[in-house]
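Okay, structure first, notes after.
A, B, ... follow the sequence lines: proteins, then strands. Residue 1 opens every chain.
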Amino acid sequence: MEDKTIVMGVIGSDVHAVGNRILQEAFEKAGFEVINIGVLAPQEDFINAAVETDADAILVSSLYGHGEMDCKGFKEKCVEAGLEDIVLYVGGNLVVGKQDWEPVKEKFLDMGFDRVYPPGTLPEEPIADLKEDLGIEE
Amino acid sequence: MEDKTIVMGVIGSDVHAVGNRILQEAFEKAGFEVINIGVLAPQEDFINAAVETDADAILVSSLYGHGEMDCKGFKEKCVEAGLEDIVLYVGGNLVVGKQDWEPVKEKFLDMGFDRVYPPGTLPEEPIADLKEDLGIEE
Amino acid sequence: MELKNEKWSLDKFKEIREEVLQQWPTGKDVDFEEAIEYHNNLPEEQIMAEKLAEAKEEDVTLIQPRAGVALIDEHIELLKFLREEGQADLLPSTIDSYTRQNNYEEAEAGIEESREEGRSMLNGFPAVNHGVKACREVVEALDAPLQVRHGTPDARLLAEITLAGGFTDYEGGGLSYNIPYAKNVSIEQTLLDWQYVDRLIGYYEENGIKINREPFGPLTGTLVPPSVSHSVAIIEGLLAAEQGVKNITLGYGQCGNLVQDVAALQSLEELAEEYLADYEDVMLTTVFHQWMGGFPQDEAQAFGVISWGAATAALGKATKVITKTPHEAMGVPTKEANAEGLRSTKQVINMLRDQSLLSNDKLEEEKEMIKQETKQILDRVFELGNGDVAQGTVRAFEAGVLDVPFAPSKYNAGNLLPARDDDGAVRFLNHGNLPFSDEVVEFHQEKLEARGKSEGREPNFQMVIDDIYAIGKGRLVGRPRS
Amino acid sequence: MELKNEKWSLDKFKEIREEVLQQWPTGKDVDFEEAIEYHNNLPEEQIMAEKLAEAKEEDVTLIQPRAGVALIDEHIELLKFLREEGQADLLPSTIDSYTRQNNYEEAEAGIEESREEGRSMLNGFPAVNHGVKACREVVEALDAPLQVRHGTPDARLLAEITLAGGFTDYEGGGLSYNIPYAKNVSIEQTLLDWQYVDRLIGYYEENGIKINREPFGPLTGTLVPPSVSHSVAIIEGLLAAEQGVKNITLGYGQCGNLVQDVAALQSLEELAEEYLADYEDVMLTTVFHQWMGGFPQDEAQAFGVISWGAATAALGKATKVITKTPHEAMGVPTKEANAEGLRSTKQVINMLRDQSLLSNDKLEEEKEMIKQETKQILDRVFELGNGDVAQGTVRAFEAGVLDVPFAPSKYNAGNLLPARDDDGAVRFLNHGNLPFSDEVVEFHQEKLEARGKSEGREPNFQMVIDDIYAIGKGRLVGRPRS
């Protein structure tokens, strides 16, 4: 497969580092070029990294419940930066408290994310989705 | 307080003996004359014992879920035996499975029981009720 | 018929068998030859003894729920649910209380009412009424071994039907399904009736079919000291082995103190190996019952009790554990609650599967005491029977040498009063006529005096009552209210 | 300002204090003299150090949840619920993640949005924005001691406001709230900022007010070997004591193997007593954190994990335990789920309060290894600082002599790779630059080789990943899929 580049990181004031490291491992193993901007990452860092590396996708993680506030306007900022076509995923514990998943998913889809993953998703799922969305044949 | 006599036991094919023994202890301590007919007791045994001892109340326990079937017609049999005024209590795990308590209680009240107790009731409660229902002053 | 611990001749067995199979119309569908054939075609994953042997070999603890409802389809659905959603390794069919008293007419009425009401009016599966074919429907719908769990003093017809129906494990025994489950049935009678059941299983074994047998360990489930239940378990094991039973699971119900419980599990297996040494090819395994006494009403608290039972089973390396559910205090659980109890148990067991409670002086002392006590009881039983354990057992109950606390049976002396010591281990406050040495009696006395001292009260019946209610109220030891 | 482990002069403290109190408008409401007065009038039942001292004396394990929401009334309601329905002995106020990064503007926006949405948009209680008076409203609405729990590298203003607000316990430290909670903050900086916090508490102590301090034991909460977290805990304890802190609770996060966890709790207390011997009148207690890594999604399984943590805390005689909830895998729990975690924990703790894990060779060996490892690390830290533990700590992190697995901080070497051995105990697969003796290194190597052998694979990073996911998938040891 041709090299596809993805930018990943943990957004906002979130410091959950472990899953992020494992996710990187998994995506690299799956053949992606991974730019991991780490935890405590503002929206700008994702977008700048994507512009600089001409990335194909941005994967946003949020584990601490503030995802809803942290992700506001993300898609718009991507468009402003010329990344209107970039594939945008988000996943994790996206809201405070246990809520029904469907409305949460809808909310983030409405915000412009292409795919939204609930807590406990294993890496295999977004990897398969990303291959499909980027038209990678194995 | 004057001596009041109660007949107690575990109805039907139910063999739960421990709570029954403790209940006896508690009612005796509270000053009642207790006729304990034990476990595996058919309706007839309760009624015969009450007639023979001129009892003031019958306390039926059922812990195994068949209470609904085992208690059918109990009140009517009491009336036939001339015990129309005897105080009639029932308590325990009265039905199979976890059900809302209120409908269960209603069902047993409709069957002619004067009071119905849910699982986990401590002896103090029926003792106080019985003193009230039998007009015992302390 | 005279009771003796001696293998029944096949003729004698078959003679009685004719009567047994006529106790209810479904008995006539039992065909032994055809049942052998049926068992020969069972997949290995449905043979209990094979599964247990594998678990014992691998030092793994399997999980099994209790479950049974009135109607066949619902029963199958329930067991499928517990297998799939509860990850149960082994499956039960808990028999309803009418069947346990051989009240097949009332069971029939319960089946009818269940159909009409659209919910189970029975607290278990009435296997006798349903018959051989229905049992096989259940077996064939599932992919795990099935055990009959009940509480039936005369369980002969039930055994005939369920074993012909493809069940490969049968719980109970002439003592453990009499003393806690009957009021007026003589011990001699139930021992004879259970010799029949054991002989039937021996007959299956002679024909190459493995049927596992499991004496019911917890007895009344209420503060039963380990040596009391161990004595009963070993007697039932001996009686079963004599009739040709080859696969025996000995049971013990959690008391709550980790050291005592692990000591009990280990000593049970070691004692049984010793006492059953003369019988060849007997495979012994153990079953641990999560707390059988009163449960907290609150489900979160109940999960705590369940999980602690799971941890003890794993650390004590029981071959299997029988699970409770968060609905325990409310009676028969929903299938969801039943599966929840299984899943929390499985989680703990899996987390602890590579750990065990390591030996230390306290554990060794507890084991030694349990063994001493059990041997003192069993020695006297053999003595009373002039070497015959069956006859000795009957006389031992008469003499209170065998005695079970809080049992309904009038054939049980009922002199025992157990209470917890300061660490929560179950001791004898009153050991009745158990033939204990002074050393043993003093050991228990000292333990309870130490508790009394720390609570500023004399050990007495109130202490026992406090202990019975304690776990339901969130404690192990029933401390006086301050 | 040069970093040294030396008690700050009051002048120096007050000079910096002026700046700190101006970081956000609510800082101006802090009046130290008046706060002393306020604390003097607090009922004893609300003073953490008193409650902990009592529990330590009585050998009882107290329970405490994590909890915090954006708005004051809702926060009070939440804590009341956990006290009443969860039977919590000690109460927290968990601070939101914006406040932890000193983003008071974003916290303010979160408060606004929470008001508009009618639900908490913040994952904790923004105490700085709410200010002293609001903190006191919280304290006064409750009848248990309150602790601030957070994860704030620069927690000076938060300490000023919450302590003046009547909180009597403060979690964190210059390492434990930097390495797992920041990416770009130097260790020198956070050590200085936490010297400020400790000096503030020392100042309270000088005025007769007991404020408890609790280094955050679990660090990254993911397979942290005990000697790693013990080293950090003892360094933070020493730094705190030097500034005049008198009440210290040292923490440890459950690894899952009972023997290792109990050994860790016991060795932590023993080591701390040894290292802090020069400081007079320091009261040491311990806190055990229920499993901090990934949880199963299923609530019944989560109850199993929670209960096992409760059992370990009780058997290890921790002074308190921080509870998890059945919603753990889903993020911030509802108050009902939080109370459920508390109740299942309380049930287990109460059932086990009269039991402990008895000494045996394995336990002693584990304790000995943890002590050796911790001493080897701390010896080198002191050496690197020429006797000054603060300076030595900075250099030790540079040199990888102190190192935390899976931490986000760029000031952390990140060379460690921990993995479970065949019994589930956490060992070093790669010990990086930790200054271990050959004996220690070989001990770990052998343990992991034994596991590798039993799994038929070389110990490697895949094993680590399997271990990280294991509990979430219902196991302790991440065995290869068969």
Side-chain angles (χ1 to χ4, degrees), chain C residues 85-87 256-260 291 296 298-308 310-312 314-315 326 336-337 339-363 420-425 451 454 470-471 473-477 479, chain D residues 85-87 256-260 291 296 298-308 310-312 314-315 326 336-337 339-363 420-425 451 454 470-471 473-477 479:
Chain C
E85 300 300 317
Q87 306 167 42
N257 174 286
L258 179 63
V259 174
Q260 184 177 44
W291 177 243
D298 175 63
E299 295 189 19
Q301 289 179 259
F303 273 118
V305 178
I306 290 167
S307 301
W308 179 235
T312 305
L315 293 172
E336 289 80 10
E340 282 169 12
L342 283 163
R343 289 202 302 272
S344 58
T345 299
K346 186 81 144 206
Q347 176 77 29
V348 173
I349 289 208
N350 276 346
M351 284 171 65
L352 300 190
R353 68 188 291 170
D354 305 309
Q355 304 180 44
S356 59
L357 187 70
L358 299 159
S359 174
N360 60 52
D361 295 348
K362 190 79 195 332
L363 181 65
R420 294 190 186 279
D421 70 13
D422 220 30
D423 300 333
R451 171 177 170 192
S454 92
I471 285 188
K473 289 181 175 170
R475 293 287 301 263
L476 181 63
V477 182
R479 303 292 183 190
Chain D
E85 300 300 316
Q87 305 168 43
N257 174 286
L258 179 62
V259 175
Q260 183 177 47
W291 177 244
D298 175 63
E299 295 188 20
Q301 289 179 260
F303 273 118
V305 179
I306 290 167
S307 301
W308 179 235
T312 305
L315 293 172
E336 289 80 12
E340 283 169 12
L342 284 163
R343 289 201 302 273
S344 58
T345 298
K346 186 81 145 207
Q347 176 77 29
V348 173
I349 288 207
N350 277 346
M351 285 172 64
L352 299 189
R353 67 188 291 168
D354 305 309
Q355 304 180 44
S356 59
L357 187 71
L358 299 158
S359 175
N360 60 50
D361 295 348
K362 190 78 197 328
L363 182 64
R420 294 190 186 278
D421 69 15
D422 219 30
D423 300 333
R451 172 178 169 191
S454 93
I471 285 188
K473 289 182 176 168
R475 293 287 301 261
L476 181 63
V477 182
R479 302 292 184 189

D:Met351 side chain reached by C:Val305 side chain, heavy atoms, under 4.5 Å: yes
Which atoms of C:Thr345 approach chain D - backbone, side chain, both or neither, heavy atom under 4.5 Å: neither
Backbone of D:Val259 reached by a side-chain donor or acceptor of C:Gln355 within 3.5 Å: no
With sequence neighbours excluded, residues passing salt bridge (charged side-chain N to carboxylate O under 4.0 Å, His left out) with C:Arg451: C:Glu455, C:Asp467
Structural part of C:Pro296 lying under 4.5 Å from a heavy atom of chain D: side chain
Spacing of CG belonging to D:Asp361 relative to CG belonging to C:Leu358, to within rounding of 0.5 Å: 9.0 Å
Non-neighbouring partners of C:Glu299 that pass salt bridge (charged side-chain N to carboxylate O under 4.0 Å, His left out), sequence neighbours left out: B:Lys98
Heavy-atom proximity to chain D below 4.5 Å, by part of C:Leu315: side chain
Side chain / backbone / both / neither for C:Leu363 at chain D, heavy atoms under 4.5 Å: neither
Gap separating the NZ atom of C:Lys473 from the CG atom of D:Asn350, nearest 0.5 angstrom: 13.5 Å
Heavy-atom contact with chain C under 4.5 Å, split by part of D:Leu342: neither
Engaged part of C:Arg420 at the chain D interface, taking heavy atoms whose separation is under 4.5 Å: neither
Among the listed options D:Gly474, D:Pro326, D:Gly304, the residue most often paired with chain C at heavy-atom distances under 4.5 Å: D:Gly474
Over all atoms of both residues, closest heavy-atom pair of C:Arg343 and D:Gln301: O-CG, 3.7 Å
NZ/NE/NH1/NH2 to OD/OE distance under 4.0 Å, C:Lys346 and D:Asp298: no
D:Ile349 side, atom CD1; C:Leu476 side, atom CG - distance, nearest 0.5 Å: 14.0 Å
Nearest atoms (heavy-atom pairs only) where D:Asp354 meets C:Asp422: CB-O, 3.2 Å
Considering all heavy atoms, the nearest D:Ala300-C:Ser344 contact: O-CB, 3.0 Å
Straight-line distance of C:Asn360 CG to D:Lys362 NZ, nearest 0.5 Å: 14.0 Å
Atom group of D:Leu352 that falls short of 4.5 Å from chain C, counting heavy atoms: side chain
